[in-house]
Amino acid sequence: MAKKQQNAITPMRAEDYPEWYQQVIKAAELAEVSPVRGCMVIKPWGYSIWENMQGVLDGMFKETGHVNAYFPLFIPMSYLEREAEHVEGFAKECAVVTHHRLEPDPEGGLKPAGELEEPLIVRPTSETIIGETYSKWVQSYRDLPILINQWANVVRWELRTRLFLRTAEFLWQEGHTVHATEAEAVEETEAILDLYGRFAEEYMAMPVVKGEKTRDERFPGAVNTYSIEAMMQDHKALQAGTSHFLGQNFSKACKINFLDQEGQEVFAWTTSWGVSTRLIGGLIMTHSDDDGLVLPPRLAPRHVVIIPIFRGDDERSEVLGYCEKLKAEVEAREYDDGKVRVELDDRDIRGGEKVWQHIKKGVPIRLEVGPRDIASDSVFMGRRDLSPKDKSGVSREEFITRVPEILGEIQKSLYDKALKFREDRTRTIDNLDEFREFFSSEAEGGFAGGFALSHFADDGGGEDLLKELKVTPRCIPVEEAGNLGECIFTGKPGSRLTVFAKAY
RNA sequence: CGGGGUGUAGCUCAGCCUGGUAGAGCGCUACGUUCGGGACGUAGAGGUCGGUGGUUCGAUUCCACUCACCCCGACCA
């Protein structure tokens, strides 16, 4: 018998973080690389997580007055050209469709034929095609606001890709709203930022810093971009969602104008905002450990897995019968405005192997149920937020009563742990020596840095040092809006407190 | 788009230097023994060695070309 593995994932985080990340995805069966360069296959377990995210976000959008619609995958190239900064931002990574037909070629294969008069691009984002549509819909101030979201796939031809974090095609939602006044559009932008923050913290159990992007980090064509930034376990920042105030840039480019109450022809104010399957990458790197994925209960496809333990046919029918009944009893309980999601894993494989599979997939609660438990009318419970060794017997009745509470505890413990992790690695830094030191010296696990809070003028300065350290300004936290001081790079007074970090 | 590398079983790879048409581990199938921390044994299935062309009696092996993918840079939700 080979020696026992200490943990499920090789390598461990501290040994090789990027490789650990890949292995967690593989072990949890979340996704795999596809034959198409830069694209991924999202497997059922990974897709279920996305579906749960969609369900919650979709509900939140609708509660705030938004509705869903769908716009085309293809955008005429000329549309993209309308907004200069927008073109510049996306031109380098667009997939272009130039033909609409295939013909046999001399070698027995196929070749494109039927060249299009105007090339179509596969949407990298939909501001222009939606703006074009909105220009027809908006005639009067009475047509506003328009509050529309779409769930879609987009393509950005990335050269370096990583599952969930950056792929050539990804799934997301993009909200596009039109407002009569600037104030209303700004309010929308901020409300969505807030919504994303609540989703990240309350559902993903992933603490985020909500803030405004610096000049160079803004969305191409936006007047102002806001983002939520989360700290991953390698101390790097992940931009997990963005909300853009587009001013009148796109309404002018797409001619979204209307007659206001004074009968004046004016341009509308627009916003756009999105989160993508990248959130799954954030989820993985926030909670997972050296035994694989750890899922917050509110987004877990399964809350409880029951693993029957038996040998022989006699025990089999007895144990399975007990488990079926247990499953029904647990499913009758409510958690988070829904049923507790229970799986009875009666597959014909060994118990130990089975238990580890569920650990690697991040199921919050595992119940091992064998003859010994049945005799005492109890279950043997393991929680994913605790060590795999840390299992304990609980009476069946007590477990059934407490399931929702336990799930709530796990949700909270994951958030608290992640928040403490971030706070322990966030420092307010006022001088350059300390700034350099913070991002150069290796802390525990071989990871340098974290979040540095420094005043920053955001009008030039510090480029060389930032490049050397591979650090970027992540955002200007909304909560620190009034915190002004001298720019760490230029000494300019009245500079805003800004989060700096290495970023994904 | 620059620099480096790799293509052999479902996966990870050995074999190639010193040509004689294929191997290991994992996985998969069957049976048996097992079974509350990731099992073991036995028997099997599975490959036109990335593609094309050349050298040769003979190419996975040598040569040329080509395609694909990976890694490091520049760029990025």
Side-chain angles (χ1 to χ4, degrees), chain A residues 1-10 18-19 22-23 26-27 32-38 88-94 107 109 123-125 153-162 164-174 196 213 216-220 222 225 227-230 237-244 272-282 291-292 307-312 315-316 319 348-360 366-375 378-382 387-393 467 470 472 474 503-504:
Chain A
M1 170 61 251
K3 60 191 164 198
K4 297 277 192 258
Q5 284 179 247
Q6 295 296 305
N7 59 279
I9 303 296
T10 306
E19 182 61 21
Q22 306 262 68
Q23 293 303 324
K26 187 177 175 185
E32 59 190 45
V33 296
S34 78
V36 184
R37 187 200 148 76
E88 205 180 319
F90 289 105
K92 292 187 295 281
E93 51 188 36
C94 284
E107 280 86 47
R123 63 182 165 218
T125 178
N153 59 337
V154 286
V155 169
R156 297 180 187 176
W157 210 261
E158 298 289 350
L159 301 177
R160 304 265 294 105
T161 59
R162 297 187 66 188
F164 292 116
L165 297 174
R166 176 164 292 106
T167 48
E169 180 192 15
F170 57 92
L171 305 182
W172 77 347
Q173 59 69 215
E174 47 180 326
Y196 285 158
K213 281 293 190 185
D216 295 338
E217 302 281 329
R218 274 178 209 137
F219 177 76
T225 288
S227 71
I228 52 171
E229 304 279 336
L238 182 78
Q239 176 174 306
T242 49
S243 182
H244 316 291
S272 69
W273 29 274
V275 296
S276 71
T277 38
R278 179 179 241 205
L279 289 176
I280 296 173
D291 289 321
I307 297 154
I309 310 286
F310 54 79
R311 33 181 146 170
E315 285 188 5
R316 183 190 154 85
V319 172
D348 184 20
I349 58 176
R350 292 172 56 83
E353 166 71 10
K354 201 183 278 190
V355 167
W356 280 98
Q357 285 182 13
H358 292 289
I359 290 172
K360 288 184 281 192
R366 303 181 306 278
L367 295 183
E368 295 173 40
V369 177
R372 293 209 295 266
D373 308 293
I374 295 173
S378 61
V379 296
F380 205 56
M381 176 179 71
S387 158
K389 283 181 282 200
D390 195 349
K391 296 188 277 196
S392 56
K467 189 161 191 181
K470 294 184 174 170
T472 49
R474 299 320 305 153
Y504 274 96

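Letters A, B, ... are given to chains in the order of the sequence lines, protein chains preceding strands, and every chain is numbered from 1. This one's a predicted model, so the numbers in the text were calculated from it and none came from an experiment. What's counted below: heavy atoms across the whole structure, side chains too, no hydrogens, waters or symmetry copies.
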Enquirer: Could you tell me the separation between the CZ atom of A:R156 and the OG1 atom of A:T125, rounded to the nearest 0.5 Å?
Expert: 5.5 Å

Enquirer: Base, sugar-phosphate alone, or nothing: which one does A:P124 contact when heavy atoms must sit under 4.0 Å apart?
Expert: nothing

Enquirer: Looking at A:K213 and A:E229, is there a salt bridge between them, counting it only when a charged N and a carboxylate O are closer than 4.0 Å?
Expert: yes

Enquirer: So what does A:G352 touch, heavy atoms closer than 4.0 Å: a base, only the sugar-phosphate, or nothing?
Expert: sugar-phosphate

Enquirer: For A:W157, does the CH2 atom have more than 12 heavy-atom neighbours from other residues, nucleotides or ligands under 6.0 Å away?
Expert: no

Enquirer: Need to verify one output field. Residue with the more 5' nearest nucleotide on RNA chain B, A:E353 or A:F170?
Expert: A:E353

Enquirer: What do you reckon, is CD of A:E88 surrounded by more than 12 foreign heavy atoms closer than 6.0 Å?
Expert: no

Enquirer: CG of A:D216 versus C1' of B:C75: gap in Å, rounded?
Expert: 14 Å

Enquirer: Counting only side-chain nitrogens and oxygens, does A:R37 get under 4.0 Å of the OP1 or OP2 atom of B:C70?
Expert: yes

Enquirer: Would you indicate what A:L165 reaches in the nucleic acid, counting non-hydrogen atoms under 4.0 angstrom: base, sugar-phosphate, or nothing?
Expert: base

Enquirer: Is it true that the side chains of A:R474 and A:T472 contain a donor and an acceptor less than 3.5 Å apart?
Expert: yes

Enquirer: Just call it for A:S272: base, sugar-phosphate, or nothing, with non-hydrogen atoms closer than 4.0 Å on any strand.
Expert: nothing

Enquirer: I want to check one thing: is the phosphate of B:A77, taken as OP1 and OP2, less than 4.0 Å away from some side-chain N or O of A:R278?
Expert: no

Enquirer: Report which part of the nucleic acid A:F380 touches: base, sugar-phosphate, or nothing (heavy-atom distance under 4.0 Å, all strands).
Expert: base

Enquirer: Is A:R311 close enough to B:G36 that one of its side-chain N or O atoms is under 4.0 Å from OP1 or OP2 there?
Expert: no

Enquirer: Does A:I349 or A:Q357 map to a spot on RNA chain B nearer the 5' end, using the closest nucleotide for each?
Expert: A:I349

Enquirer: Pairing check on B:A30: which nucleotide meets the Watson-Crick or G-U wobble criteria with it, both distances under 3.5 Å?
Expert: B:U42

Enquirer: Which part of the nucleic acid, if any, lies within reach of A:K213 when heavy atoms closer than 4.0 Å are counted: base, sugar-phosphate only, or nothing?
Expert: nothing

Enquirer: Using only side-chain N and O atoms of A:R160, determine if any of them is under 4.0 Å from OP1 or OP2 of B:C70.
Expert: no

